[in-house]
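Residue numbers run from 1 in the order of the sequence given.
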Amino acid sequence: MSTSQITFLKGHGTENDFVIVPDPDNALALPASVVARICDRRAGIGGDGLLHVVRSAAHPEAQDMAAEAEWFMDYRNADGSIAEMCGNGVRVFAHYLQREGLAEHGGLAVATRGGVKQVHLAKDGDITVSMGRALLPEASATVAVGERSWPSRNVNMGNPHAVAFVDDLAHAGDLLSAPPVSPAAVYPDGVNVEFVVDRGPRHVAMRVHERGSGETRSCGTGACAVAVATARRDGTDPAVTGLPATYTVDLPGGTLTITEHPDGSVDMTGAAVIVAEGTIDPAWLETVAG
């Protein structure tokens, strides 16, 4: 781990917050222990995750995507574990690139472990991410909180989700620990769990426990999974109706608009904000890395 001075920024998308570490040449080693300390809200900078900004050609996991996308979002959960994708993270990542003059308004391709994501940066500040197609595995699991349990819908948005419809979001409990899912073998690598209530026609609200991060104020892939699951429940599957299905999804940190198209592609639209920038103290970093 290099102990030279490291620049960072802090940003959020609907209050799903991230530490942004620019590292175009992939010169930094970021072991899980260091990422976890940086994301610690008391002992570090604090964030739901870390966005490591690297040129695709410089990262072994993204080199085969370099022809399609110049930049790779090397995303880490707050505990330092590696994740495939983060929808809010992509919006913040794209906003950072635009802010630094590395991307312009209009179309942008971003490489992720969940594949290349197409992004549109609107002049009004909204950012739309084409999240790809949802996969709906047949295997499902039951989600439990205390003595309550619910069937869930298995939706994969490049990362796994268990979507449970409940009568009251308070039934999700404190979400300090991961809600048990059974059988656990349905999600061998862990799962993001969404609890959903109806707010009105094509309008829902949710809470989420993100694997590796706990409850977060927002989850972009989770909002997409919720919209897809709700469309199936409501009988508005675009592949069947031939019409796009758009849902407003309220999260603790704000609102996202999710549209699923007849071809199966899912778009997520919302804002992104950069709130601060600075440098990590090399002396502190040396103690963490050591």
Side-chain angles (χ1 to χ4, degrees), residues 1-13 16-40 44-104 107-119 121 127 129 132 158-159 189 212-213 220-221 272 274 276-290:
M1 175 73 193
S2 170
T3 56
S4 60
Q5 197 170 68
I6 295 176
T7 298
F8 78 93
L9 300 91
K10 184 71 181 290
H12 75 89
N16 195 186
D17 63 333
F18 308 96
V19 179
I20 305 161
V21 177
D23 180 24
D25 298 322
N26 197 30
L28 297 175
L30 290 172
S33 60
V34 170
V35 172
R37 185 59 67 89
I38 289 173
C39 291
D40 190 298
I45 297 166
D48 291 325
L50 183 144
L51 306 176
H52 184 206
V53 184
V54 185
R55 282 196 166 87
S56 298
H59 199 289
E61 292 185 70
Q63 288 173 348
D64 61 350
M65 295 181 276
E68 297 179 70
E70 181 180 1
W71 295 98
F72 173 55
M73 185 181 79
D74 174 17
Y75 180 65
R76 315 295 181 87
N77 293 314
D79 65 355
S81 60
I82 290 172
E84 301 92 339
M85 242 294 287
C86 175
N88 288 320
V90 172
R91 293 206 321 281
V92 174
F93 187 94
H95 178 56
Y96 163 76
L97 293 177
Q98 189 272 330
R99 180 182 184 272
E100 297 300 311
L102 301 171
E104 299 179 352
L108 170 70
V110 175
T112 75
R113 291 185 178 86
V116 175
K117 304 301 177 184
Q118 299 298 326
V119 180
L121 297 117
I127 300 173
V129 181
N159 56 359
D189 298 317
S213 296
T221 56
I274 302 292
E277 61 182 313
T279 54
I280 299 174
D281 179 18
W284 175 80
L285 192 62
E286 185 172 2
T287 65
V288 173

Any donor-acceptor pair under 3.5 Å from Arg76 side chain to Leu30 backbone: yes
Pair listing, salt bridge (Lys or Arg N to Asp or Glu O under 4.0 Å) test, anchored in residues 22-38, at least two apart: none
Minimum heavy-atom distance Pro60-Asn26, with the two atoms named: CD-ND2, 4.0 Å
Distance (rounded to the nearest 0.5 Å) between Asn88 CG and Ile127 CD1: 10.5 Å
Step-by-step side-chain contact (heavy atoms from CB on, under 4.5 Å) determination, Met73 to Lys117: CA-CA 10 Å; Met73 185 181 79; Lys117 304 301 177 184; over 6 Å; no
Whether Ser56 side chain and Met65 backbone form a donor-acceptor pair below 3.5 Å: no
Worked verdict on Met85 versus Arg113 for side-chain contact (heavy atoms from CB on, under 4.5 Å): CA-CA 6 Å; Met85 242 294 287; Arg113 291 185 178 86; over 6 Å; no
Over all atoms of both residues, closest heavy-atom pair of Leu121 and Glu104: CD1-O, 3.5 Å
Nearest-0.5 Å distance that lies between atom CD in Glu286 and atom CD1 in Ile280: 14.0 Å
Flag, side chain of Asp48 to backbone of Asp17, donor-acceptor distance under 3.5 Å: yes
Pairwise ring-ring contact (aromatic ring centres under 6.0 Å, His included) hits with a residue in residues 53-72, at least two apart: His59-Phe72
Reported CG-to-CD distance for the pair Asp74 and Glu61, which is rounded to 0.5 angstrom: 6.5 Å
Minimum-distance pair of heavy atoms, taken over all atoms of Ser33 and Val288: O-CG1, 4.3 Å
Closest non-hydrogen atom pair between Leu9 and Tyr96, with its separation: CD1-CE1, 3.6 Å
Minimum heavy-atom distance Lys10-Ile45, with the two atoms named: NZ-O, 4.2 Å
Minimum heavy-atom distance between Ala78 and Ser213, given as atom pair plus value: N-OG, 3.4 Å
CD1-CG distance between Ile6 and Leu285, expressed to the nearest 0.5 angstrom: 4.5 Å
NE2-CD1 distance between His52 and Ile20, expressed to the nearest 0.5 angstrom: 12.5 Å
Verdict with supporting geometry, Phe93 and Phe18, side-chain contact (heavy atoms from CB on, under 4.5 Å): CA-CA 9 Å; Phe93 187 94; Phe18 308 96; over 6 Å; no
N/O donor-acceptor pair under 3.5 Å between Asn159 side chain and Glu84 backbone: no
Between CG on residue Leu50 and OH on residue Tyr75, distance to nearest 0.5 Å: 8.5 Å
With sequence neighbours excluded, residues passing salt bridge (charged side-chain N to carboxylate O under 4.0 Å, His left out) with Glu277: Arg99
